[in-house]
Structures are given as structure tokens and as C-alpha cells.
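What you see below is based on every heavy atom in this structure, not just the backbone, and it leaves out hydrogens, waters and symmetry mates. In what follows, chains are A, B, ... by sequence order, proteins preceding strands, each numbered from 1.
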4 protein chains.
Amino acid sequence: MAVGTRGGSGSTARSAPLSPATPADRADGPAADAETVPRRLLSAATRLFAEKGFDRTSVQEIVDAAGVTKGAMYHYFASKDDLLAEVYERILRMQMTRLEEIAASEGPVADRLGRAAADVVVSTIANLDDATIFFRSMHQLSAAKQREVRADRRRYHELFRSLITEGQREGVFAARVPADLVVDFYFGSVHHLSTWYRADGALTPDEIGAHYARLLLDALRPAPAHP
Amino acid sequence: MAVGTRGGSGSTARSAPLSPATPADRADGPAADAETVPRRLLSAATRLFAEKGFDRTSVQEIVDAAGVTKGAMYHYFASKDDLLAEVYERILRMQMTRLEEIAASEGPVADRLGRAAADVVVSTIANLDDATIFFRSMHQLSAAKQREVRADRRRYHELFRSLITEGQREGVFAARVPADLVVDFYFGSVHHLSTWYRADGALTPDEIGAHYARLLLDALRPAPAHP
Amino acid sequence: MAVGTRGGSGSTARSAPLSPATPADRADGPAADAETVPRRLLSAATRLFAEKGFDRTSVQEIVDAAGVTKGAMYHYFASKDDLLAEVYERILRMQMTRLEEIAASEGPVADRLGRAAADVVVSTIANLDDATIFFRSMHQLSAAKQREVRADRRRYHELFRSLITEGQREGVFAARVPADLVVDFYFGSVHHLSTWYRADGALTPDEIGAHYARLLLDALRPAPAHP
Amino acid sequence: MAVGTRGGSGSTARSAPLSPATPADRADGPAADAETVPRRLLSAATRLFAEKGFDRTSVQEIVDAAGVTKGAMYHYFASKDDLLAEVYERILRMQMTRLEEIAASEGPVADRLGRAAADVVVSTIANLDDATIFFRSMHQLSAAKQREVRADRRRYHELFRSLITEGQREGVFAARVPADLVVDFYFGSVHHLSTWYRADGALTPDEIGAHYARLLLDALRPAPAHP
DNA sequence: TATGAATGAGCGTTCATTCAT
DNA sequence: TATGAATGAACGCTCATTCAT
């Protein structure tokens, strides 16, 4: 990731090490200042991409927000696109880790699915900028990167789906609707959170997570179908 | 709407009449050619905005695709933004009309909600470009236009929600989850269709609509809660 | 030539018409001002490319020298490269025309070759900027354009060579050295003029042309070889 | 030469010693690896400058090709310009040495001129990259360096010319054309080799050298002028 | 000797929009 | 109604060079 794609240059714009051995940890600055340049760029970019969209955010704005110069940015990232690609990397890695933990945990499958469903809501709300970027800016990635992201996404969906099929095999979930359609159905709802959730809304993230999980589990209830 | 926001004269770039009394209906051309200039621009813009995104589509590309010149475009539309605003107008008008018809029709509320839920899926798939633009390009509208679109959207959601609350009052739908949360939940799924639906997929639009409606109705089933 | 290579744009950066039907011929300005924008750009570019080299000449400098804006330049030329390509076009066209006239004229072949040889010197000196650009900036053209230029160049050389082979067949020129090597030999000398000729030198262009032609004809003299 | 032109200290970026007492000759590597850093830089630069032109070659590419870092380059060379100046140094030194040897050798002047003329062709072909750079990149040198190179070049030309005037004085060469014009004429042909010579061509470098020398000597033949 | 992060000025190019015709 | 030349500001990106280590 973030590997330079430029011609012969072997020393610039390579993968950005987020925690280099720079003298950033010296005791002479607050934590914020001590953050590495790539990290500062990534978080500035995340905020701005979510706020104004990828195309409307200029490299100049990003580097100004991060307090560095353009040259520094291009030292760490091959391009503006690369910055977006790194944001995606981070999002996908984080979500996959959480889901894997829950899926691998103990307990009845309905419990695990419920927890996964609620958790993805809570963590999406906790990283609303990421979610905004994720579902709005995918088409601005390079075709190659899009394929990669979609492949990662598919692995994520498949793990989630495996919880549903497991429950369907056990008979605790209905099989009225194909499991993969249920997955798309649910993640649509989750991605959509970024368009309506407001921190000052009536419900807490946990409450919304609980409601969403409830809706999913209820929709999968094996009881007699609606009249 | 589509009214120019520019300082000066009010004589150009007014709201674009889609069926003006232009010499477009003369008997000298087939129907396709006879389409009015604003319409051709609007459909070219819709296709291109969906394909490449608003910011990545240049005015030159739009007018080339529509077979007109820039001057002509600026004669009918105040700006590129105005073109996007018009696309939104059209989408919203279309969806609202359909929902209003179904909501006002006869029959039990579960029937009407089920039909509305399935119909919005089918019509979203039938206009996937519109849906793509809708959920991806809202932030490129002017702030004023965004407020307007959101207000329209809210009216739409409220009509949909009224079907749910009607059922909850009647007791045919559970009230475990607040009705407006259910609406956001469902329309997230619907908007998401544009990111995964493929015409060559295993399910027809009608089947997907039926499944989605089923999931919604099942989630609202008043039966004993999930253990 | 100078045809825009950009995506969908059908109306910008097309072949630059050097004498458009613009109101440039109105009697309200001196001849210099009345020159068309593309022509002004082309002559500014020629001068600057010869003076500082292609890569060291910025688009800004060109448009400043031509008294127009960048946007105007990109309206007429697809790129800075296209500007260079147009300069080449002009050079090649001019030289080919002159040679064709001389080659097709009456008289003994030695006369015609002598006239052609002298004329190419005189016209190269008359357009030293062109010559400087020609032999120094070819590698900055696109690969496709380079092929095109080389093909034109080859046609030019072949016409010149045909005069030599005609004389060799008639026996008025020696055939000690292959005709195409003679052509490369001679045009090397001619291109080199741009690196040493100074207007304040001891010899006039005509004198230099006469001397060069003399050297060529003497080198081709069929007399007994040098001892 | 290669002296830093920067304001500050004179301690870094001095003239690059090509065979320094660096630990390069240690027995731990083959000859290729043992080449000194400045030499590796110079040969990488020569190749790249000839291939892509001076302005299109970045310092990064040079140091990558030489397998060193930027800091190392700036340790040995004051600037990128200095690297080019050094390349010129090397070329001029080499050619001057060869010509001096031939000019100082025994034998009739026609022999010596013929050998010099053929040798400069062969050695130019043997170092085509040098020749390409020489006639294409002179204007990228600093004004001071250009003067210096031109002075060296003039000395070279004057030595070559002295062979011609010697022959003219002896009567073995015609004096129809001024000797210095003959020199410019001939070296134009020689420099031009880099634009058309191909290793897979029909003639060997020796054959081309012989032909070129022949053309020069024939052009100087004192026999009766062409009718 | 050597590193490589960082600078900062400048580059070629794009593009929504205007306006005389 | 419609044209298309022209504007001008902004864009993503490059790169020779510096300097603390």
C-alpha cells in the first residue's frame, strides 16, 4: 500500500511508515505535535474528505491542515489518490479485526450475530468520517485499488454471512431470504448511518446499535411468516 | 428551481422548460432527435454523473454527449450545479409520485407498506443512475439546494413512516423500534442497491423487491420478541 | 496535427487554424497586433524554444510573450508538446516545398544539386531558430510525433538523395561513397549551422551556401581519387 | 571545474576526484562494484542524459541508477549542472588527447588529416551517448561553463584546422573554401552521427570513418574545380 | 562520508463561466 | 437562440537543493 508508482524513484513516496524512528517522541512537545507527519496527513485527509468530498479537497488544504508542506506529503504518499487508498486500508483493517473477534467468540450464533450487528453500528458511528468516505468515494480510487477494496469487503461480508448461514443451518434463523441478500440489506442500513446520524440526536450509538441488531434478528426470526 | 443564482440579469439561464415550444417537434427528425435540448442535457448529465461522479464530469463532456454547445447549456441552465439540482428534482418528483399513489390506495396497511417497500426497490433499480447520483453527490449541491432536497426527502420519509405508525397503532406492526429509525434503516438498504445490484445477477428486480419488503415486514412482526 | 488528444472534448484544442475568420483584419490595428492568436503563440514559442530549449521554456513565458492567457493557448493547442509539434510541421513543410521546386526544375543534375545544397543552407540560416529547435528538440516530441517527423525527414532526404543517384548514374558524380551516407554527411553540416553561424560573421549566408555546395560537389567529383 | 557555486562553505561539493582513496578497492567486491561513487554517478548520468535529455533526468533517477543516495551525490558534485559539466570535461579531454596524438605523428599531412577525420568518427560512434549529450545539451550548461567548453572546443577545432592550412600551404589541399568553414562543415557531419547511426546498420564504424575521411579529402582535392 | 526528510517555488493543465457576436 | 474564443484561478504534482543527524 502507498507504494510509489513513479518511474525510477526508489526512495520517495514509498509506503508511509506511520511510526518512524523520528525524534518525535522527545519530551519537548505535547502528544498532538509528536504525531508523525504521515499520521497527521492521514487524519487531516480523513476529516476533509468526509467533510467536503475527495475531489473538493485540495492537496493544499490537506497539507495546511496537517501543518506540513506539499513536498513532505509527496515524500510519504505517492499521490492524493494514495492518501485515499490508505484511508481505505485503515478502515477495512479496523472493521475486519472487530468482526473476526466477535465471530470467533463463544456463544450461540444468534448472540454472536447480534453482537456483530450492534458492534458494526457503534464502530461506524464512532468513525463516521471513515464511513462517509467509504461509501461515497470508492469510485475515486484507481480501478486496481477498487478491486482490492471490494475483495476485502467481500471477505468481510462473507464472514458476516457465515454467521447467518450457520444460524439457518441450525434452524434458529429463517431462510426465507438468501443470506447474501440479507447481508447487503443490513450493510446498506449501516453505511447509511453516516448520512443521517447526528451526535445530538435522541438515541445513543449503543441504542441505535441495539435497535438495528433487533431489526436484523427479528427479520430472521423463524416464526410463521407475516399473514 | 434551476433559477440562476448569478448577480446580473434575470433573462438568461432561467428554469429550463423541458418541453418548450422549440422547433423540436418538426416532422424532420425521428423522436430521439426531437428530444428537447434541456432534456438531452439532463439525460447526458445523469448518465455521466452516475458514471464518473459530478466533479469528474466536465461541462464540455456533458454538452458533447448531448450534442450541443456550451453556450446552449448556459442558456438553459444557470450552472453545472443547476444541472445537478435539476437531476435531483426529477428523482424526487418521480419517487414521491409513486409513493403517494400507493399510500393513497385501498387495502390493509401491511399490504400498502409491503407494496411501497417493494416498489421503491424496483423503481430504484430501474433508475440506478439516479440512485447512484442521489446518495453520492448530495454534498456537491449548494447548501441551499441541499436543504431543499433534504426537506423533500423528509416529506417522502414521513409519508413512508406514516404507514408504519399507522400499522403500529393498529397493532399489526411491532413498536419495538421507533418508526423513524425503521425508515432510515430501510432506505439505507434501498440506497445501497446502487452499489451492488448488477443486471446479470441471480435475482430479478421484482424478486429483490419482494425479499426486501419481506425483511421489512418480518422485522416489524408483532410476534413475541426474539428470545 | 495539433489535433486535441483529450477525452471527450470535441470543441477545444483542435487543430489551430492560423488564419481564422476573426475580426483580426480590421483596419484598427498594426499588422503585428492583427496576427492571429495561434500565430502569435507559434512564433513566440519558436523564438523561446530556440533560445532556452523546450524544457526550459514555461508555458507561462510563451503566453506572456504572445500577449495572451494560458487558457487561450490551451484553446488552440492541446499541450505544450503540441506547440512544438506544430513548429516541426511548419519547418518540414517549408523545407520540403523549396526542395521540391528545385528538384523539379530544369537543368543538369549537378546544377540542381548545387542549387538545392546552397538553398538549404540559405534557408536554414534565414530560419536559424527553426533549425536550432529541429536538431535539438526532436526527442521532446512524443514517440508518435517523432516517427511522423522522421518519416517526413526521410522523404526529404530521399528526394535529395535521388539527385545524387541520378548524377551517379549519369557518371557526373562519383559513387565512391554510398549516396545515403553522403546525404547524412551533408545534412549534418547543414544542421550544425545553427550552432556556429553568427549574423555578424565574415561570410554572408549566400557565401556560406556557395561554399557548402562547392564542398559537396567537389567531394562527389568523379575525377581520379585522392592519391 | 565542478567547483561549487553555492554561497556558503567551500568544504563540500568540491571537484570530484574520480579515483579517490576510498575503500573501494578492497578485496571484497568485483571490479564493477569497486568503481568509485563519482565514477558510477558520472556514467549513470551520461547514459540518462543521452537517453532522456538533461532536463528530463531527475537527480533521483541518477542516484538510483548509480546505487547511491542524494546526499552522496551532493557530496561529490556541487549540483546537477556540475554533473553535466563534468561529463563535458571528460568528452573534451578524451577527444583532444586522440587528436593531439594523431596531429603530432609522422607522415604526410593528407595522411594525418585522413587519420584524424576517420578517428573522430570512430571514437564518436564508440561514445555515442557523449556525442548526443554534447550537441544537444550545451545550452543547459551555465553561461560560464559554456564559454569554457566553447574555448576547449575552439582549441580542438584549431588543431584540426591547422592540418588543413598546413596542407593548403603545401598545395596538397585546395584553398577554394576557407579552412575554418571546412572544419565546421566536417564537424557538423560528425556530430550528426548520433542522430542517425545505428549499431545494426549496414556499415561498420570503421567503414563510416573511411567514407567520411574520403569525402573530406576529396572535397579538398586541389584538382580543377567542378565544371 | 553519508542519510533522507523536508522545503518551496514552479510546472503543465483543467475548467466553469463570460460575452461579443 | 446559439456560438466558441477567451479568461483566470486553481489544481495535482515535481524536483533541485538543504540540513540536522
(message) Distance check needed: E:dT17 P versus B:F77 CZ, whole Å only.
(response) 13 Å
(request) Return the value, rounded to whole Å, for the distance between atom CG of D:L84 and atom C1' of F:dA16. (result) 15 Å
(request) State the pairing partner of E:dT21; accept Watson-Crick or G-U wobble contacts with both distances under 3.5 Å, and report none otherwise. (result) F:dA2
(request) Would you mind reading off the distance between A:D64 atom CG and F:dC11 atom P, rounded to a whole angstrom? (result) 11 Å
(message) Counting only side-chain nitrogens and oxygens, does A:Y76 get under 4.0 Å of the OP1 or OP2 atom of E:dA6?
(response) yes
(request) Tell me whether the OP1 or OP2 atom of E:dA6 has a side-chain N or O from A:Y74 closer than 4.0 Å. (result) no
(message) I want to verify a distance call: between E:dT7, F:dG12, E:dA6, whose nearest atom is closest to the A:V59 side chain?
(response) F:dG12
(request) Name the residue closer to the 5' end of DNA chain F, choosing between A:D81 and C:V68 according to the nucleotide with the nearest heavy atom. (result) C:V68
(request) Just compare F:dC13, F:dC11, F:dC15 and give me whichever is closest to any side-chain atom of A:K80. (result) F:dC13
(message) If only side-chain N and O atoms count, and only distance matters, is there a donor-acceptor pair under 3.5 Å linking A:H139 with B:R136?
(response) yes
(message) Between the base of F:dT17 and the side chain of D:K70, is there a donor and acceptor pair under 3.5 angstrom?
(response) yes
(request) Tell me, with the steps shown, if D:K80 and D:Q140 meet side chain to side chain contact (heavy atoms under 4.5 Å, CB included). (result) CA-CA 11 Å; D:K80 188 186 165 191; D:Q140 270 128 349; over 6 Å; no
(message) Nearest whole Å is fine: how far is E:dC15 P from B:K52 NZ?
(response) 8 Å
(message) Rounded to whole Å, please give me the gap between CG in B:L48 and P in E:dC15.
(response) 13 Å
(request) Name the closest nucleotide to the B:S58 side chain, picking from E:dA16, F:dT17, E:dT13. (result) E:dA16
(request) Report yes if the side chains of A:I133 and A:L84 come closer than 4.5 Å at any heavy-atom pair, otherwise no. (result) yes
(request) Find which nucleotide of DNA chain E each of B:F54 and A:G71 is nearest to by heavy atoms, and output the residue with the more 5' nucleotide. (result) A:G71
(message) Using side-chain heavy atoms (C-beta onward) and a distance below 4.5 Å, is A:F54 in contact with A:D81?
(response) yes
(request) Send over the distance from D:I62 CD1 to F:dT17 C1', rounded to a whole Å. (result) 13 Å
(request) Would you kindly give the CZ-to-P distance between C:R56 and F:dC15, to the nearest whole Å? (result) 13 Å
(request) Give a yes/no on whether any side-chain N or O of D:T69 is located under 4.0 angstrom from OP1 or OP2 of E:dG4. (result) no
(message) Taking the nucleotide of DNA chain F with the nearest heavy atom to each, does A:T57 or C:G67 sit closer to the 5' end?
(response) C:G67
(message) Using a 3.5 Å distance criterion without hydrogens, assess whether the side chain of B:E35 forms a donor-acceptor pair with backbone atoms of B:R40.
(response) no
(message) Pick the closest DNA chain E nucleotide for B:M73 and for C:D55 by heavy atoms, then say which residue is nearer the 5' end.
(response) C:D55
(request) Quickly work out the B:L41 CG to E:dA16 P distance and round it to whole Å. (result) 14 Å
